[in-house]
Amino acid sequence: MFSKSKINEPGPKADDVSKPAMPDPMKSAGSDYKPATPPKAKPPASVLSADLHVTGNIKTTGDIQVEGTVEGDIRAHLLTIGESATIKGEVIADDVVVNGRIVGRVRGLKVRLTATARVEGDIIHKTIAIESGAHFEGSVQRQDDPLNGGKRPQPGGAAAAPAHAAAGNS
């Protein structure tokens with residue numbers, strides 16, 4: 001008449017017994033499926049401290065904050081030049097914020113010279129902001145793509161002639 005309850009005993013529940021087991025796509029052999037991973041947090045900017053002196057070029061896809069001295073070219077995504085920093089070389093970055101000194105060309109999509117900036121060289125940019133008090137000697141040129149090295153194809157020029165000749169000889 002009465003039966004002992006199986007509530008506390010391990011094992012499949014009555015509902016689970018009646019349902020057919022679904023194959024797990026994660027366990028199937030030969031499956032190339034990988035679970036989506038959350039996007040990684042953006043790493044912090046690399047900092048070159050005020051007591052550091054670098055001779056040579058620096059290239060990264062990340063962010064750099066320079067507080068020391070660099071004698072060479074720098075290429076980065078976001079480049080921040082600190083007030084005590086000095087760069088002697090070409091600077092190429094998507095975003096350039098200059099608080100210190102640059103002797104050389106600056107190429108950037110967005111270039112900002114703060115009041116403490118000292119730039120001796122040309123600036124090639126898509127957008128630029130120069131705060132009152134910034135010191136700048138050089139030329140400013142706007143380009144839609146300032147990061148490409150300033151090499152614009154000239155129609156009918158000498159550079160275009162070999163390409164047309166090669167295409168015609170195919």
Side-chain angles (χ1 to χ4, degrees), residues 26 32-170:
M26 298 296 291
D32 291 334
Y33 175 78
K34 294 181 182 178
T37 56
K40 294 182 180 178
K42 186 177 179 183
S46 298
V47 178
L48 304 179
S49 65
D51 63 342
L52 187 65
H53 182 100
V54 177
T55 302
N57 299 335
I58 299 172
K59 184 177 183 180
T60 181
T61 57
D63 301 347
I64 299 180
Q65 179 177 342
V66 179
E67 298 295 336
T69 302
V70 176
E71 293 183 24
D73 300 340
I74 301 176
R75 184 173 192 115
H77 170 67
L78 167 64
L79 177 62
T80 305
I81 309 298
E83 287 189 35
S84 62
T86 299
I87 309 297
K88 293 181 181 178
E90 184 174 29
V91 167
I92 303 172
D94 292 337
D95 294 333
V96 182
V97 179
V98 183
N99 299 306
R101 183 170 185 227
I102 296 179
V103 179
R105 181 182 299 154
V106 177
R107 294 182 169 278
L109 295 175
K110 290 172 28 178
V111 178
R112 183 173 140 211
L113 306 184
T114 65
T116 58
R118 302 286 176 258
V119 177
E120 299 172 31
D122 299 338
I123 298 176
I124 301 169
H125 64 88
K126 187 169 185 179
T127 61
I128 189 166
I130 302 176
E131 293 181 6
S132 178
H135 175 83
F136 171 64
E137 291 182 32
S139 66
V140 179
Q141 180 181 359
R142 186 195 176 284
Q143 287 185 2
D144 287 331
D145 187 14
L147 304 180
N148 73 356
K151 297 171 185 162
R152 291 193 220 177
Q154 297 180 3
H164 291 299
N169 293 334
S170 298

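Residues take their numbers from the sequence shown, with the count starting at 1.
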Which donor-acceptor pairs under 3.5 Å do the side chains of residues 76-91 make with protein atoms, sequence neighbours left out?
{"residue": "His77", "atom": "ND1", "partner": "Asp94", "partner atom": "OD2", "Å": "2.8"}
{"residue": "Ser84", "atom": "OG", "partner": "Glu67", "partner atom": "O", "Å": "2.9"}
{"residue": "Glu90", "atom": "OE2", "partner": "Arg107", "partner atom": "NE", "Å": "3.1"}

Below 3.5 Å, can you tabulate the donor-acceptor pairs from side chains in residues 131-139 to any protein atom, sequence neighbours excluded?
{"residue": "Glu131", "atom": "OE1", "partner": "Ala115", "partner atom": "N", "Å": "3.1"}
{"residue": "Glu131", "atom": "OE2", "partner": "Arg112", "partner atom": "NH2", "Å": "3.4"}
{"residue": "His135", "atom": "NE2", "partner": "Glu137", "partner atom": "OE2", "Å": "3.0"}
{"residue": "Ser139", "atom": "OG", "partner": "Asp122", "partner atom": "OD1", "Å": "3.0"}

How many angstroms lie between [atom1] in [X] and [atom2] in [Y], if you round to the nearest 0.5 Å?
| X | Y | atom1 | atom2 | answer |
| --- | --- | --- | --- | --- |
| Gln143 | Lys126 | CD | NZ | 11.5 Å |
| Leu113 | Arg118 | CG | CZ | 10.5 Å |
| Lys110 | His125 | NZ | NE2 | 14.0 Å |
| Leu109 | Asp144 | CG | CG | 10.0 Å |
| Ile124 | Asp145 | CD1 | CG | 11.0 Å |

Task: With Val66, the side-chain contact (heavy atoms from CB on, under 4.5 Å) member among Ile102, Leu48, Val47 - done: Leu48
TODO: Mark yes or no for whether Asn99, through its side chain, and Thr116, through its backbone, hold a donor-acceptor pair below 3.5 Å.
DONE: no
Task: Residue pair Arg75 / Leu147: nearest heavy atoms and the distance that separates them - done: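 It is NH2-O, 3.8 Å.
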- [ ] List for me each residue that meets side chain to side chain contact (heavy atoms under 4.5 Å, CB included) alongside Ser46, sequence neighbours excluded, and say none if there are none.
- [x]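 For Ser46 there are no side chain to side chain contact (heavy atoms under 4.5 Å, CB included) partners, ignoring immediate neighbours.
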